[in-house]
Structure formats: C-alpha cells, structure tokens
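Report on the following structure.
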Amino acid sequence: MQEWEPYVQYGMLRVRETSCCGEYEWCCEGGLYFVLRHNGEGYEATPRRRYADARPVWEALIRTHRHTFSR
C-alpha cells in the first residue's frame, strides 16, 4: 500500500511519464521524484525521493494498476 500526502508545489513541476489512463503521473520537482494523482478535490503525491528510491514506487503502481473506464 502506497502512502499519499497532499501535494504542495515547491518548484517547477515536470511530468515525465503518465499512466495509460492519466490517473498517475511520474514527476520531478527540485531534483526529487514522486508520483502524483488527482483525488477528485485536489492532488496527492507520494513522498519525494531520489530517483533510485522513487522509481520502484512508480513501476510497482504501473505494474498493478487496473483502471476501468466509465462509459
């Protein structure tokens, strides 16, 4: 289970990758990496980490992510 906290912008946000449906975004800000998601009211982020520590979080989310589209 991943930890999520309210997203607070600290610098220039750069989105590096987006999941297939756009639910998750792999981001960099101030040299630290994290995953961003919209929760319906605002944005939440995983804790910011160095690339080597944050990348496995992104890969695990993408590997297990199952999004169902509403029609």
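- In this structure, His65 and Glu23 have side chains that are in contact, with non-hydrogen atoms separated by less than 4.5 Å.
- The CZ atom of Arg16 sits 5.5 Å away from atom OH of Tyr33, with the distance rounded to the nearest 0.5 Å.
- By the 30° and 60° cut-offs, the orientation of the rings of Tyr7 relative to Tyr43 is perpendicular.
- Here the straight-line distance linking atom CZ of Arg14 with atom SG of Cys27 works out to 11.5 Å at 0.5 Å rounding.
- Taking the ring centre of Phe34 as origin, the terminal cationic atom of Arg48 falls inside the region bounded by 6.0 Å and 45° from the ring axis.
- Taking both residues in full, the closest heavy atoms of Arg50 and Leu32 are given as N-CD2, 3.9 Å, listed atom of the first, atom of the second, then distance.
- No donor-acceptor pair under 3.5 Å is formed between the side chain of Thr18 and the backbone N or O of Gly22.
- Listed by chain and number, the residues in a side chain to side chain donor-acceptor pair (under 3.5 Å) with Glu5 amount to none (sequence neighbours excluded).
- Atom CG of Leu36 is separated from atom CG of Leu13 by 6.5 Å, given to the nearest 0.5 angstrom.
- Both Tyr51 and Trp58 are assigned to one and the same hydrophobic cluster, defined by single-linkage of ILVMFWY side chains at heavy-atom distances under 4.5 Å.
- Interatomic distance, Glu3 CD to Thr46 OG1, rounded to the nearest 0.5 Å: 9.0 Å.
- Taking CG of Asn39 as the start and CH2 of Trp4 as the end, the distance is 10.0 Å to the nearest 0.5 Å.
- Using a 4.5 Å cut-off on side-chain heavy atoms (C-beta onward), Trp26 and Val35 make contact.
- A 4.5 Å side-chain heavy-atom check between Arg49 and Pro56 finds every atom pair outside the cut-off.
- Once rounded to the nearest 0.5 Å, the distance linking CD1 of Ile62 with SG of Cys20 reads 7.0 Å.
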